[in-house]
**Q** 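This is the structure I want to talk about, given as structure tokens.
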Amino acid sequence: MSQTVDRALSILPLLAEGPADLGQVADRLGVHKSTALRLLRTLHEHGLVYRQSDQRYRLGARLFALAQEAMENLDVREIAHAHLVRLNEECGHTVHLAVYEENEVLYIDKVESRYPVRMYSRIGKPVAITVAAVAKLLLADLPEHERRALAEKLDYPMYTSRSTPNPAAFLRELDTVREQGWATDLGGHEESINCVAAPIRGADGKVVAAMSVSAPNVVVTADELLTLLPLVRRTADAISGEYSGRTPAELQ
């Protein structure tokens, strides 16, 4: 039985490459055509493959529907939370998780610092979109025309002397973030607060959320915080893998 299931499932990656006829399926599986036909019929009955008019087989609509349903029921916060807690336990600093919704970047989870000096941030509260590291990651992943349109609409409050001053500077920053795959906010929102962030990706490689580690200068310097970047990126990769079901290499 396990061999039959294994063979049947091996057909799906083959058909993901494109339609294939009975002979091609049999050859790939290394079985007789009658065996391949029996497996294809079973998959066809469940809507996982579809036989075209030219007698070739392709992936069925039911498979896409199941994948879509599974994705819609995934909760990135639920998946990420244990990883965020472990990261917090390891570094001791405040950890945030954020998503982009309806032209706002919102915190959807937070693990507090173990240190007495803490950040004022709340779950459900929009972030400072032109300076926050998590916002840069989420917006950098948008298609170019969307990035440009959004950049032109935003206001650019100068929270500090390091805040992003205008659309051109913001777009340059997003280009850098998009290329390097991580982001920082080094005193851009509050002079005394620094932050490093990494993206969380879905099965299609797109950024679905961003996570960050933040700390005040009185606890660690900006340079000291930047040494945590590899740990932050590994945590984000682990969340991405669990959320998408794919390895970090596949998500690049």
Side-chain angles (χ1 to χ4, degrees), residues 76-77 80-81 83-101 103-141 150-151 154-167 169-200 207 209-236 239:
V76 68
R77 180 186 180 278
H81 185 73
H83 295 275
L84 304 183
V85 170
R86 282 195 293 271
L87 176 59
N88 169 265
E89 290 172 347
E90 190 162 350
C91 71
H93 305 306
T94 301
V95 181
H96 287 110
L97 180 69
V99 296
Y100 178 58
E101 291 183 355
N103 297 322
E104 288 186 324
V105 175
L106 306 169
Y107 290 130
I108 60 171
D109 202 0
K110 178 184 180 182
V111 185
E112 289 281 7
S113 168
R114 74 164 70 109
Y115 299 98
V117 181
R118 296 186 175 185
M119 289 183 60
Y120 177 72
S121 57
R122 295 198 311 270
I123 294 173
K125 181 182 178 182
V127 309
I129 198 168
T130 59
V131 293
V134 288
K136 295 172 188 176
L137 283 164
L138 290 159
L139 301 184
D141 197 57
L150 181 62
L154 293 174
D155 294 323
Y156 293 86
M158 294 300 293
Y159 302 104
T160 75
S161 61
R162 297 179 182 178
S163 298
T164 308
N166 54 56
F170 190 51
L171 288 169
R172 287 195 298 270
E173 177 76 3
L174 295 187
D175 285 341
T176 299
V177 168
R178 188 179 180 91
E179 182 176 348
Q180 69 190 12
W182 50 274
T184 62
D185 169 15
L186 304 180
H189 187 216
E190 298 179 57
E191 288 279 5
S192 61
I193 301 292
N194 299 305
C195 176
V196 294
I200 296 166
V207 177
M211 55 157 296
S212 65
V213 169
S214 304
N217 285 330
V218 295
V219 176
V220 291
T221 66
D223 287 340
E224 289 170 334
L225 189 67
L226 284 168
T227 65
L228 295 176
L229 181 60
L231 177 60
V232 174
R233 298 185 76 179
R234 285 196 300 272
T235 302
I239 298 168

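The model shown is predicted, which means the values in this text are computed figures rather than measured ones.
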**Q** Do you know the tightest heavy-atom contact between Val76 and Ala209?
**A**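 Nearest pair, atom of Val76 first, then Ala209: CG2-CB, 4.2 Å.
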**Q** For the atom pair OG1 (Thr164) and NZ (Lys136), what is the distance rounded to the nearest 0.5 Å?
**A**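 With rounding to 0.5 Å, OG1 (Thr164) is 5.0 Å from NZ (Lys136).
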**Q** In this structure, which one of Asp185, Leu106, Leu139, Val105 forms a side chain to side chain contact (heavy atoms under 4.5 Å, CB included) with Val134?
**A**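 Option passing the side chain to side chain contact (heavy atoms under 4.5 Å, CB included) with Val134: Val105.
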**Q** Are the side chain of Thr130 and the backbone N or O of Tyr156 linked by a donor-acceptor pair below 3.5 Å?
**A**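 Absent.
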**Q** Quick one: does any side-chain atom of Arg162 pair with a main-chain N or O of Glu191 as donor and acceptor, under 3.5 Å?
**A** no
**Q** Output, in order, the C-alpha distance, side-chain angles, deciding distance and verdict of side-chain contact (heavy atoms from CB on, under 4.5 Å) for Ile129 and Glu104.
**A** CA-CA 7 Å; Ile129 198 168; Glu104 288 186 324; 5.8 Å; no
**Q** Before you tell me yes or no, could you show the steps for Leu84 and Ile239 under side-chain contact (heavy atoms from CB on, under 4.5 Å), namely the whole-Å CA-CA distance, both residues' side-chain angles and the distance that decides it to 0.1 Å?
**A** CA-CA 9 Å; Leu84 304 183; Ile239 298 168; 4.1 Å; yes
**Q** Where is the tightest heavy-atom contact between Ala135 and Val127, given as atom of each residue plus distance?
**A** CB-CG2, 4.0 Å
**Q** Please check: side-chain N/O of Thr184 versus main-chain N/O of Leu186, any donor-acceptor pairing under 3.5 Å?
**A**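 Not a single qualifying donor-acceptor pair exists.
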**Q** Between Arg233 (side chain only) and Ala198 (backbone N and O only), is there a donor and an acceptor less than 3.5 Å apart?
**A** no
**Q** Asn194 side chain to Thr221 main-chain N or O, any donor-acceptor pair under 3.5 Å?
**A** no
**Q** Evaluate Ser192 against Val218 for side-chain contact (heavy atoms from CB on, under 4.5 Å), listing each step before the verdict.
**A** CA-CA 8 Å; Ser192 61; Val218 295; over 6 Å; no
**Q** Any side-chain heavy-atom pair from Leu87 and His83 closer than 4.5 angstrom?
**A**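 Not touching, per the 4.5 Å side-chain cut-off.
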**Q** If you count the non-hydrogen atoms of other residues, nucleotides and ligands that lie under 6.0 Å from CD in Gln180, is the total more than 12?
**A**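 Result for CD/Gln180: enclosed.
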**Q** Determine the minimum heavy-atom distance between Ser212 and Cys195, stating which atoms define it.
**A** CB-SG, 3.4 Å
**Q** Only counting residues at least two apart or in another chain, list the ones meeting side-chain contact (heavy atoms from CB on, under 4.5 Å) with Arg77.
**A**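 Only Asp75, Leu97, Ile108, Asp109 meet the side-chain contact (heavy atoms from CB on, under 4.5 Å) criterion with Arg77.
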**Q** Of all heavy-atom pairs between His96 and Ser214, which one has the smallest distance, and what is that distance?
**A**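 Here His96 and Ser214 meet closest at ND1-OG, 4.2 Å.
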**Q** For Leu225, run the side chain to side chain contact (heavy atoms under 4.5 Å, CB included) check against Val219, Asn217, Val220 and tell me which one passes.
**A** Val220
**Q** Where do Ala215 and His93 come nearest, in terms of heavy atoms and distance?
**A** CB-ND1, 3.7 Å
**Q** How close do Leu137 and Ala183 get, counting heavy atoms only, and between which atoms?
**A** CG-CB, 3.8 Å
**Q** Show, in sequence, the C-alpha distance, side-chain angles and deciding distance for Lys110 and Ser121, and conclude whether the side chain to side chain donor-acceptor pair (under 3.5 Å) test is met.
**A** CA-CA 8 Å; Lys110 178 184 180 182; Ser121 57; 2.9 Å; yes
**Q** Can you measure from CG (Leu229) to CZ (Arg234) and round to the nearest 0.5 angstrom?
**A** 10.0 Å
**Q** Please work out whether the ring planes of Tyr159 and His189 are parallel, tilted or perpendicular, with thresholds of 30° and 60°.
**A** perpendicular
**Q** Step by step, would you call Val196 with Trp182 a side-chain contact (heavy atoms from CB on, under 4.5 Å)?
**A** CA-CA 8 Å; Val196 294; Trp182 50 274; 6.0 Å; no
